[in-house]
Amino acid sequence: MENLHLIYYSPALSTKNIICAAAKQIPLPIIEHDITQGIKEPIALSKADFAVFASPVFAGRIPAMAADIFKTIKGKNTPAVIMVVYGNRDYDDALLELKDISSKNGFLPVSAGAFIARHSIFTKVAEQRPDNSDINKITEFIKKSFTLAQNGNITKELKVKGNTPYKTPGKIPLKPSGTYKCNKCGVCVAACPVKAIPADNPKKTDKEKCFSCARCIALCPQHARKFKGILFKIAAIGFAKKVKLRKEPETFFIN
Ligand SMILES: Cc1cc2nc3c(=O)[nH]c(=O)nc-3n(C[C@H](O)[C@H](O)[C@H](O)COP(=O)(O)O)c2cc1C
Ligand code: SF4
Ligand code: SF4
């Protein structure tokens, strides 16, 4: 194999951090494709490449914007690994959805895994994840995946957890906004995947456009953007109670 292509969508950076840490285990030159804010040129890979697709789970699905971009990425019998990262609630149909997208586009998934990271909205949930135990499991997963891909002859279809029709994602009414700490640096304005933050007043948010991805919060150097308000506080307490049982990574291999 010639190159390892990391193709990821990662608004709040956990997915990116996980996939980049995992990639260090693979002795191939790395080409990164961060699709969080769209792609400038089409991505088309060959049989000699090795692809890792990674996405967070939003409302049990691949975020709609990410799914639309993943659907444009083409392989040619290219071996692939499918990864989703979620905030300790559930990954529902997201892993199956991403596997299906890549299979339809010429990729041959050898493995798939669902891993846990801090919840990017309710940040007290899975706050310390991924931890050492997670990292060890991710490392083992990626090493085994690489061995399977190197062996070639991928004739079986990978089976993963999930259902069709995929879950209908619920709308998320929570939207972040800025605080007095904002110095109008413009980082969030440029980074928002859907341009929901006005340049002249970055404390505001266009609530119609915003899909609550938490990227502005993760990237603001002043820690000035937040989910706030009484509704958010109540939701955060209820959610944390509901998902307090620790979830463990789940992995699937072609054989
Ligand atoms: C809009 C939205 C919806 C989410 N839905 C889920 C979900 O259905 N299940 C879950 O366990 N975590 C959910 N999460 C948490 C993320 O999947 C998790 O924090 C992930 O690590 C975010 O990845 P990122 O840091 O790369 O953006 C959601 C987060 C956001 C922002
Ligand atoms: S990144 Fe933070 S400080 Fe910069 S404009 Fe946005 S909210 Fe303000
Ligand atoms: S304004 Fe909304 S869509 Fe834009 S980065 Fe922030 S949370 Fe994401």
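These figures come from a predicted structure and were not determined experimentally. Numbering of ligands and ligand atoms starts at 1, following listing order.
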Please find out if less than 6.0 Å separates the ring center of Phe141 from that of Phe115.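 Yes: the rings meet the under 6.0 Å criterion.
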
Residues two or more places apart in sequence or in another chain: which of them pass side chain to side chain contact (heavy atoms under 4.5 Å, CB included) with Pro169?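 Side chain to side chain contact (heavy atoms under 4.5 Å, CB included) check on Pro169 returns Ala59, Arg61.
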
Can you find a side-chain donor-acceptor pair between Arg118 and Gln128 that sits under 3.5 Å?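 No, no side-chain donor-acceptor pair sits under 3.5 Å.
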
Check whether the side chains of Tyr166 and Asp100 place a donor and an acceptor atom closer than 3.5 Å, and report yes or no.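 Yes, Asp100 and Tyr166 have a side-chain donor paired with an acceptor closer than 3.5 Å.
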
Could you check whether atom [atom1] of [X] has more than 12 heavy atoms from other residues, nucleotides or ligands sitting under 6.0 Å from it?
| X | atom1 | result |
| --- | --- | --- |
| Lys233 | NZ | no |
| Lys76 | NZ | no |
| Glu248 | CD | yes |

Using a distance threshold of 2.8 Å, state whether an N, O or S atom of Cys192 lies below it from atom 2 (Fe) of ligand 3.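 No N, O or S atom of Cys192 is closer than 2.8 Å to atom 2 (Fe) of ligand 3, so no.
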
Pairing of [X] and [Y] as salt bridge, 4.0 angstrom limit:
| X | Y | value |
| --- | --- | --- |
| Lys137 | Glu140 | no |
| Arg246 | Asp131 | yes |
| Arg129 | Asp134 | yes |

Could you identify the single nearest non-hydrogen protein atom to atom 8 (Fe) of ligand 3 and state the distance to 0.1 Å?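 Answer, as residue, atom name and distance: Cys213 SG, 2.4 Å.
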
Atom 2 (Fe) of ligand 3: the protein heavy-atom neighbour that sits closest, reported with distance to 0.1 Å: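 Result: Cys210 SG, 2.3 Å.
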
Which class fits the ring pair Phe70 and Phe53: parallel under 30°, tilted 30 to 60°, perpendicular over 60°?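 Phe70 and Phe53: perpendicular rings.
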
What do we get for [X] next to ligand 3 when only non-hydrogen atoms under 4.0 Å count, side chain, backbone, both or neither?
| X | result |
| --- | --- |
| Ala214 | backbone |
| Ser212 | backbone |
| Ile217 | neither |

I'd like to check which ligand 3 atoms, numbered from 1 as shown, lie under 4.0 Å from a non-hydrogen atom of [X].
| X | result |
| --- | --- |
| Phe211 | 3 (S) |
| Val194 | 3 (S) |
| Ile197 | 1 (S) |

Please collect all side-chain hydrogen bond (donor to acceptor under 3.5 Å, both in side chains) contacts where either partner lies in residues 145-158, sequence neighbours excluded, each pair once.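 Passing the test, one end in residues 145-158: Lys99-Glu157, Ser111-Ser145.
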
I'd like the contact residues of ligand 1, where contact means a heavy atom below 4.0 Å.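 Shell around ligand 1 (4.0 Å, heavy atoms): Ser10, Pro11, Ala12, Leu13, Ser14, Thr15, Pro56, Val57, Phe58, Ala59, Gly60, Val85, Tyr86, Gly87, Asn88, Arg89, Asp90, Ala117, Arg118, His119, Ser120, Ile121, Ile172, Phe211, Ser212, Cys213.
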
Neighbouring protein N, O or S atoms of atom 2 (Fe) of ligand 2 [cut-off: under 2.8 Å, no waters]: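 Checking every protein N, O and S atom gives Cys220 SG.
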
Does Lys161 make a cation-pi contact with Phe252, if we ask for NZ or CZ under 6.0 Å from the ring centre and within 45° of the axis?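 Not satisfied by the 6.0 Å and 45° rule.
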
Under the 3.5 angstrom rule, does the side chain of Thr36 hit a backbone N or O of Ser10 as a donor-acceptor pair?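 The answer is yes, because a donor-acceptor pair under 3.5 Å joins these two groups.
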
Between Lys184 and ligand 2, which part of the residue brings a heavy atom under 4.0 Å of the ligand: side chain, backbone, both or neither?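 Backbone only.
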
